[in-house]
There are 2 protein chains.
Amino acid sequence: MLTEKIKDDFSNLLIKEGMKLTSSRLSILDNILSNDSHRECDQIYEDLINDDVKVSRATIYRTLDVLVKYDYVRKLDIGDGKVRYEKKLGTKHHDHMICIETGDIIEFHNNEIEDLQDKIAERHGYKIVRHVHQLFVKPLSSK
Amino acid sequence: MLTEKIKDDFSNLLIKEGMKLTSSRLSILDNILSNDSHRECDQIYEDLINDDVKVSRATIYRTLDVLVKYDYVRKLDIGDGKVRYEKKLGTKHHDHMICIETGDIIEFHNNEIEDLQDKIAERHGYKIVRHVHQLFVKPLSSK
DNA sequence: GTTTATGCAAACCTTTTGCAAATTT
DNA sequence: AAATTTGCAAAAGGTTTGCATAAAC
């Protein structure tokens, strides 16, 4: 369920962009913000259909682009050919550890690494705009 | 130009896999090891054709799979929809900083970050198999 | 001579796009 | 009523695949 504030903010953002507040867009936003997993577009589509929300994949793709642009959603690409999306609004920054045995995606955050990254970029004359940090792991117990 | 040692090692590896040492495979390996850039399959294809090596894209894809599996080549995916390949044999481990203004790819390495990564994984009961660390940056001078 | 590799074109699969119909303002 | 959005199905774009032919062993 979207709060009034979220709905208002979203509405204003759309107006600012010359876009309209449609029920499809609200349903997609609601679905994303109510879910903590890392889903492919098709999974989101299935979930919406199961909730009796009638939308097309095309609309989901088009809406995800807007949501990513405005930081409601983060696009996650772990290089397995499947692009995933996760809620970003109201969450803290984190990176991902992916278990290569189970496919589990675990979130992590480390300030020291963040600082070191910044220094490396600065040393080369750059400033970081965003970063991707993914650890592909297996259980210590695994051979 | 491939050294005898590299050629022998490659030959042995193929034999072990029940595969044959073909001129296509040697040409592709040679091309990769002679190049320090980060190229898409299609760029590699063009470069080979320009060198009068007659191969198909299919063969390049199939050969790259083997080369990646045996650490001759690293597959690089910076999430822009273009998968790139870079020489790995004889190079030191590094990660990538990508300039979002010029598309330049700069290599970097930092032991402290590597150690911190290991600790994070361990703390969660995992061991790192590989990782992806990419900094998307812009010049400090840029607004 | 047997087996694996190659090239070609078709198939794949996810994402994007053009357009007419539907929805929003 | 004017403008944007939607769904559909087609297009796109990179990668994979099946199969007949070629090359390696």
Side-chain angles (χ1 to χ4, degrees), chain A residues 7-8 10-32 38-49 51-70 73-85, chain B residues 2 7-8 10-32 38-49 51-70 73 75-85:
Chain A
K7 214 180 295 183
D8 280 359
F10 187 50
S11 172
N12 289 334
L13 173 165
L14 291 173
I15 289 165
K16 196 185 65 185
E17 287 280 294
M19 298 170 80
K20 290 174 176 172
L21 182 67
T22 66
S23 59
S24 295
R25 286 175 178 154
L26 276 176
S27 297
I28 295 168
L29 178 61
D30 187 21
N31 179 287
I32 298 261
H38 307 84
R39 293 177 296 167
E40 300 165 48
C41 176
D42 213 61
Q43 294 176 313
I44 296 171
Y45 173 73
E46 293 296 340
D47 290 348
L48 283 164
I49 294 298
D51 288 350
D52 287 317
V53 175
K54 229 178 133 298
V55 274
S56 66
R57 271 170 257 259
T59 296
I60 299 179
Y61 278 114
R62 287 186 277 231
T63 302
L64 283 171
D65 284 346
V66 181
L67 296 180
V68 167
K69 181 172 174 193
Y70 286 97
V73 175
R74 178 146 76 133
K75 196 170 179 173
L76 178 63
D77 182 349
I78 62 172
D80 62 351
K82 297 170 184 177
V83 174
R84 293 172 177 79
Y85 297 87
Chain B
L2 297 175
K7 215 180 292 184
D8 280 359
F10 187 48
S11 173
N12 290 333
L13 173 164
L14 291 174
I15 289 167
K16 197 184 65 184
E17 288 280 296
M19 298 170 78
K20 292 174 174 172
L21 183 66
T22 66
S23 60
S24 295
R25 286 176 178 155
L26 276 175
S27 297
I28 295 168
L29 178 61
D30 186 23
N31 179 286
I32 298 263
H38 307 84
R39 292 177 297 167
E40 300 165 50
C41 175
D42 215 61
Q43 293 177 311
I44 296 171
Y45 174 74
E46 294 294 340
D47 290 348
L48 282 164
I49 294 298
D51 287 351
D52 288 317
V53 175
K54 226 177 135 298
V55 274
S56 65
R57 269 169 260 258
T59 295
I60 299 178
Y61 278 115
R62 287 187 276 231
T63 302
L64 283 171
D65 284 346
V66 182
L67 297 179
V68 167
K69 180 172 173 194
Y70 287 96
V73 175
K75 196 170 180 173
L76 178 64
D77 181 350
I78 62 172
D80 62 350
K82 296 170 185 178
V83 174
R84 294 172 177 78
Y85 297 88

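In what follows, every chain begins at residue 1, and chains take the letters A, B, ... in the order their sequences are listed.
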Atom pair distance, as rounded to whole Å: CG in A/D80 and P in C/dC13: 15 Å
Return the value, rounded to whole Å, for the distance between atom CG of B/L14 and atom P of C/dT4. 13 Å
Does A/S56 place a side-chain N or O at less than 4.0 Å from the phosphate oxygens OP1/OP2 of D/dT6? no
Going by the rule side-chain hydrogen bond (donor to acceptor under 3.5 Å, both in side chains), which residues pair with B/S23 if we only count those two or more places apart in sequence or in a different chain? none
A/S23, nearest nucleotide to its side chain (from C/dT24, D/dG7, C/dT6): C/dT24
With a 4.0 Å limit, can you tell me whether A/T22 has a side-chain N or O closer than that to the phosphate oxygens OP1/OP2 of C/dT24? no
Would you confirm whether B/D80, through its side chain, and B/K82, through its main-chain N or O, come within 3.5 Å as a donor-acceptor pair? yes
Minimum heavy-atom distance A/G79-B/D77, with the two atoms named: CA-OD2, 3.8 Å
Please report the closest heavy-atom contact between A/S27 and A/L48, naming both atoms and the distance. O-CD2, 3.8 Å
Between P of C/dT4 and NZ of B/K16, the distance in whole Å: 17 Å
Nearest whole angstrom, please: distance from the C1' of C/dT23 to the CE of A/M19. 14 Å
Whole-Å gap separating P (D/dT6) and CG (A/L48): 12 Å
Roughly, in whole Å, what's the span from CD1 in B/I28 to P in C/dG7? 8 Å
May I have the distance from A/K20 (atom NZ) to C/dT24 (atom P), rounded to whole angstrom? 10 Å
Check the distance between D/dA23's P and B/R25's CZ and give it to me in whole angstrom. 15 Å
Indicate the atoms forming the closest heavy-atom contact of A/L14 with A/K20, along with that distance. CD1-O, 3.7 Å
Once base and sugar-phosphate atoms are separated, protein heavy atoms under 4.0 Å mark nucleotides 12-19 of chain D, 5' to 3', with B, S and - as --SSBBB-
Ignoring hydrogens, what is the shortest heavy-atom contact between A/R84 and A/H38? Give both atom names and the distance. CD-O, 3.6 Å
Write down the atom of A/V55, the atom of A/I28, and the distance for their closest heavy-atom approach. CG1-CD1, 4.5 Å
